[in-house]
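To start, the structure itself, in structure tokens.
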Amino acid sequence: MTTSMPPVSPFGPDPDPALFALAPKVVLHDHLDGGLRPQTVLELAEQVGYTKLPASDGPSLATWFRASADSGSLVRYLETFEHTVGVMQTAGALERVALECAEDLANDGVVYAEVRFAPEQHLEAGLTLDEVVEAVLKGFAEGEALSASAGRPITVRCLVTAMRHAARSREIAELAVRFRDRGVVGFDIAGAEAGYPPTRHLDAFEYMRAHNAPFTIHAGEAFGLPSIHEAISFCGTDRLGHGVRVIDDISLPEDADFTAHDFHGAKLGEIANYVRDKRIPLELCPSSNVQTGAVASIAEHPFNVLARLRFRVTVNTDNRLMSDTSMSKEFAVLAGQFGYGWADFERFTVNAMKSAFIHFDERLAMIDEIIKPGYAVLIG
Ligand SMILES: O=c1[nH]cnc2c1ncn2[C@H]1C[C@H](O)[C@@H](CO)O1
Ligand SMILES: [Zn+2]
């Protein structure tokens, strides 16, 4: 791969993320336990007597998360969650974190969010799975109400995640279906990918399919094509969490420039074709992918190749705390690297909204009433 001069962004070479705050944004892949405010981690630790935090003030803690997550390994990246999950063990803590999550996303101009977390990781202080989900949904509803009254309306829905190294996925899928009319719109599996293929959790996915309920699978992040193949072909996933390694099934000319405008010489293999033909959404998380070593750098991120080849790409944060990011920052990074303008960001946002797990009429209303008018103002 070669990288020539990156295309010039209409926003300048190193755009200010604040430029993107006004654009309506949709996030489909954002972890509740990966997006806490550093100050909240400190305050909750104090309240619940959690003594293992690696820093004692907000800025140092923020730096610690970002630096520790920068290891180039998904397994080491995931170790940082010990400290966020550690302080999210009571209903009050869960509710506060969910409320602040909704507020932070709304303040960044996110209009629709699907936020995920693994209820099975929040049972240490005696809550039941149902109580955990109820507390989180309560916090989201409060955050939505506060944001609406502050003139920043947002819709937040929840995905419940099962940890792929554990054995509770069927139970979590049942939880998702039990709460389907109360704000939980889907199911997911996450955690270390190598050694834990999606087919380990086939009964959970079969349960979801039997109940006509959608799900996504973290696949093609730390492990490559076999994981994507299982997720789409054996498990029947509706979306791919990351899915970034689908690039391994696309052959490009030896000297291809990942920042180019077109990729006419690209040859898609069977898996890549299937993902594109079926319009399977890719929940791409550029900054996170660099941190976990799924890609070497933003310049070498396949986002642009996949976008230009018209895969259904979406832009996501993954873990705002660990990556010190936001949707506006991810847009800024992509604009600076690949030269995208408002029309591109509108397309990625519409892609995301089309791929959401709420009902078709609700998706359409968000696109027609909020997203398109919002970008029309920006495009001018
Ligand atoms: O990017 C990720 N890949 C795999 N697992 C992840 C990623 N980000 C967060 N997780 C894990 C750690 C969290 O504790 C869990 C539930 O949100 O999901
Ligand atoms: Zn994730």
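Read the numbers this way: they start at 1 and go in the same order the structure lists the ligands and their atoms. The first residue in the sequence is number 1, and the count goes up from there.
Y340 and F338 have tilted rings, their planes meeting at an angle from 30° to 60° on a 0 to 90° scale.
The distance from ligand 1 to the heavy atoms of F117 drops below 4.0 Å at these ligand atoms: 17 (O).
The heavy atom nearest to atom 1 (O) of ligand 1, out of those in D318, L74, D188, is found in D318. Across D33, L32, L78, heavy-atom proximity to atom 11 (C) of ligand 1 is greatest for L78.
At distances below 3.5 Å, at least one donor-acceptor pair connects side-chain atoms of D249 with backbone N or O atoms of A272. Under the 3.5 Å distance criterion, the side-chain polar atoms of E124 are left unmatched by any main-chain donor or acceptor of Q89. Within the 3.5 Å criterion, the main-chain N or O of L129 finds no donor-acceptor partner in the side chain of E171. Put simply, the side chain of R157 never gets that close to the backbone of A356: no donor and acceptor are under 3.5 Å apart. For the pair H165 (side chain) and G191 (backbone), a donor-acceptor distance under 3.5 Å is absent.
Looking at E193 and R245, no side-chain N of the basic residue comes within less than 4.0 Å of a carboxylate O on the acidic one, giving no salt bridge. E174 and R170 are joined by a salt bridge, as a carboxylate oxygen and a charged side-chain nitrogen come within less than 4.0 angstrom of each other.
No donor-acceptor contact under 3.5 angstrom links the side chains of R347 and N351, judged on distance only.
Here H242 has side-chain heavy atoms under 4.0 Å from ligand 1, and that is the only part of it that gets that close.
A cation-pi contact links R239 to F357, judged by a cut-off of 6.0 Å to the six-membered ring centre and 45° from its axis.
Among the heteroatoms counted here (N, O or S) of H29, NE2 is the one nearest to the Zn ion (ligand 2). Nearest N/O/S atom of D318 with respect to the Zn ion (ligand 2) is recorded as OD1. Looking at H218 and the Zn ion (ligand 2) together, the shortest N, O or S contact belongs to NE2.
Ranking protein heavy atoms by distance to atom 3 (N) of ligand 1, first place goes to E221 OE1, 2.8 Å. With hydrogens left out, the protein atom closest to atom 8 (N) of ligand 1 is N319 ND2, 3.0 Å, a heavy atom. The protein heavy atom nearest to atom 5 (N) of ligand 1 is G191 N, 2.9 Å. Regarding atom 9 (C) of ligand 1, its nearest protein heavy-atom neighbour is H31 CE1, 3.2 Å.
On a distance-only criterion, T161 and ligand 1 share no N/O pair closer than 3.5 Å. Not one N or O of H29 is nearer than 3.5 Å to an N or O of ligand 1, by distance alone.
Taking 4.0 Å as the cut-off, G34 does not count as a neighbour of ligand 1 on heavy-atom distance.
Residue contact annotation: H31 places an N/O/S atom under 2.8 Å from the Zn ion (ligand 2).
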